Amino acid sequence: MDVNQYMGMFLEESREHLQTLNRCLLDLEHDPRNLSVLDEIFRSAHTIKGMSATMGFTSIAELTHEMENILDLLRKEQLKANSAIVDTLFKCLDQLEQLVESVAEQTETAIDIKPLVATLNKLASGGGAEEVIPEEPGAAAISVNGIKLDETDTKVIQAAKQQGLCTYNVGVNLREGCLLKSARAYMIMNALDEIGDVIKSIPPVDELEKENFDLSFNVIVITDAEPEKVEQTLLSISEVDAVSVEIINDCGNAVVSPSAAVIPSVEEIIQAEKQTEGQNKPDVSPVVEQHGPAAEKKLKSGQSVRVDIEKLDALLNLVGELVINKTRLEQIGLNHKLSDLVETIEQMDRVTTDLQTVVMKVRMVPVGQVFNRFPRMVRDLSRDLNKEVNLIIQGEETELDRTVIDEIGDPLVHLLRNAIDHGVENPADRQVKGKNPVGEIRLIARHEGNNVIIMVEDDGAGINPEIVKQKALEKGLITPAEAEKMDTADAVRLVFLPGFSTAKTVTDVSGRGVGMDAVKTKIESLGGMVDVETKINEGSKFKIRLPLTLAIIQALLVDVCNEIYAIPLGSIDSTINITPGDIKTIQNQEVILLRGQIIPIVRLAKKLNAPEAASDNKEELFVVIVHMGEQKAGVIVDTLIGQQEIVIKSLGKLLAGIKVLAGATILGNGQVALILDVGSLMQ
Amino acid sequence: MEETVHNEEIQLVVFKLNRESYGISILQVQEIKRMLEITRVPHSPDYVKGVINLRGSVLPVLDLKKRLDLPPGEYTDDTRIIIVKMEDVTVGLIVDAVSEVTTISSDSVEPPHTVVSGLSAQYLSGVGKLDDTLLILLNLEAIVGVGADMTKAS
């Protein structure tokens, strides 16, 4: 069978499934009992196995097959997803990735999967008896008691939890030789009643009164008091030997109660916070138990079609053409006063506009596609560096054009690595500083106007502007005079200079002094900006501003000597009218004063060598105030035509070197208009 | 190039610049358009007339007479833009008129150094004889500057 034609699809899908596996495995690590995640892992692994077997990649198929064995045991709860298993599975994923990449590069590097297969087999055959079910966490905490909670009880506990009350299982041991056991029990019940509500006792209250118990009994109590307080209260009663307070339900924290030691029917409340309706009833068998939520939480995967981006570009081009031809038809209709035609064209106008929007939307992908791989990376990296980091991702549904998505991965990896390596401190240092030993890194995406903002925030050490200055001086990146003048924000921005690195030691992770410079260059090549805010000991925040798409932008069309130019709206502050008298000259540079700010003037006609520079003797001048970073400039144009969405076209290889132009676009009438590059206009 | 292979037929698009006839290989010609609206591109070399919209793509257009240092002339109804494609570069060339597509034998093509025509030799690939007229064959790669940055070349 000729498999080559499916190769592209195989590679792409394998990578996608590996991505999913990585993500799900992380989830599983945090929540080993989540069967729906396990199911998803199983499905992805199974798909990879099937595909690779069909394509004849036996090692991939074999490895995934062994993984499936483990996964199957996990699913049947014959194994528990402990760290050894999860680690091994992660290793399998890494190896699978290598295998898939070697397929992609068509290199026949023999990657030996045997050691991993052996480890998997060992784990599957119950490597380590302590891993084998049944074994419940917390079972050892209670010595002699099992408690049967019925449906009503669990509901009461649920309700209490919603009111912020805790549920404890209080075990009381009376002193040996205690004479009035029932009286003591009565006092204990009374004391508990004062601080909360007793919902159950084992043995039941009437048995306690008849002294039908040994030296110990258990009480389930709902209270707002601390466990310590409950303990204290009970210990103050005489002849009480020992009190154990076990939290059954601590507003989100859930612990399973008793052991199988005394009472054969073991009941438990599992992760009360996870319990959904219909799940309130605890089951006798822990195996059956979690099928409920697993089914409910099954992740939806939408139907989709894989399309080559070039085809979408072609589609966009054609739609653009359609729009242009429509405009021509409109003109004909108007010229010849054909009302029928005009009406039809209005109809067509709506359709083409919709079509254009849809095509644009098709090209948009959620940034989640890029963010997906970061949790795994952060996990591995923080482990390597012995740091504890919690990665919080927000706004992964924010959409960006495919062209931008493909490019932002690397810069973000860099920023995240920096945040973990330089930002977040060691747990010990953090504790000294009075911070949570677990560092927090936030990766946030959101829309802001016509831009998408991506922020990488850490709550680490921050960047010390003085050290940065010092370093920059040492490396000769700035002069002492410059350092003197520099304010804090500017000093911190020095990290973006080429050849800058503050890491004391060059690590595998970062510190080679190429990082931030590369990040900045990349972002700027995408038409974006990157900035940093930092506070010592509070953390740093890197803010990336990206255009939604590289293909279509909002622009202001202006007329200069009967030529039409487009200025990207993103770099326009405002437009104003001035008279020639408003223009002053400072050191041979024309400037205007706008709201107390001196702004240099650029005469566009002159700058563009326009054939007829006639704008000099006008009464009124239109000025477009543009900005690039902190710099501003006023661009004098003849007329403002209006704002329009334009499709950016390349000027082609031959004309690529012209600085003031960022590209070209085709206007509604088919005419080509050039797009100005604001940055180089200012120079 | 076809010109270098002996005893082969070459198909040429023949066009006029002023009074002279020129030829380029038909394999390099994508299409021939009537004069279109051209947008001037500031800071480009003077022989770059501007850019046009060809079914949605933006193409540079060269004024061939200016490029070859020939005396300029008015555009007429006969003026055409020949769209030529080399490697990954597509450009338009403005010519006075396109006259015909013809076939000549590669034998009848002489190398450019034997010719005195006032054109800088680097833009020529040879001279062909067609009946009793001379056909100047152009080296498009050199004219368009494929591989060289045109903005720096000027």
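A quick note: this is a predicted structure, and the numbers were derived from the prediction, not measured. Labels below follow one simple rule: chain letters A, B, ... track the order of the sequence lines, proteins then strands, and each chain is numbered from 1.
The two atoms that bring A/Ile658 and B/Pro42 nearest to each other are CG2-O, 3.6 Å, heavy atoms only. Shortest non-hydrogen contact noted between B/Val58 and A/Ser650 is CB-O, 4.0 Å.
Contacts of A/Lys659 with chain B are absent, with no heavy-atom separation under 4.5 Å from either backbone or side chain. Contact annotation for B/Ile38: neither backbone nor side-chain heavy atoms come within less than 4.5 Å of a heavy atom of chain A. Proximity to chain B is limited to the side chain of A/Ile666, based on heavy atoms less than 4.5 angstrom apart.
Note that OG1 of B/Thr90 is 10.5 Å distant from NZ of A/Lys653, once rounded to the nearest 0.5 Å. Separation of atoms CD (B/Glu37) and CG (A/Leu667) is listed at 9.5 Å; rounding is to 0.5 Å.
Heavy atoms of other residues, nucleotides or ligands lying less than 6.0 angstrom from CD of A/Glu310 number 12 at most. Heavy atoms from other residues, nucleotides or ligands lying under 6.0 Å from NZ of B/Lys85 number 12 at most. Counted within 6.0 Å of NZ on A/Lys326, heavy atoms from surrounding residues, nucleotides or ligands total more than 12; the atom is thus considered enclosed. The number of heavy-atom neighbours closer than 6.0 Å to CG of B/Asn18, taken from other residues, nucleotides and ligands shown, is above 12.
The backbone N or O of A/Leu661 sits nowhere less than 3.5 Å from a side-chain atom of B/His43 that would complete a donor-acceptor pair. Under a 3.5 Å cut-off, the side chain of B/Thr39 and the backbone N or O of A/Val672 do form a donor-acceptor pair.
Using a 4.5 Å cut-off on side-chain heavy atoms (C-beta onward), B/Val51 and A/Leu674 make contact.
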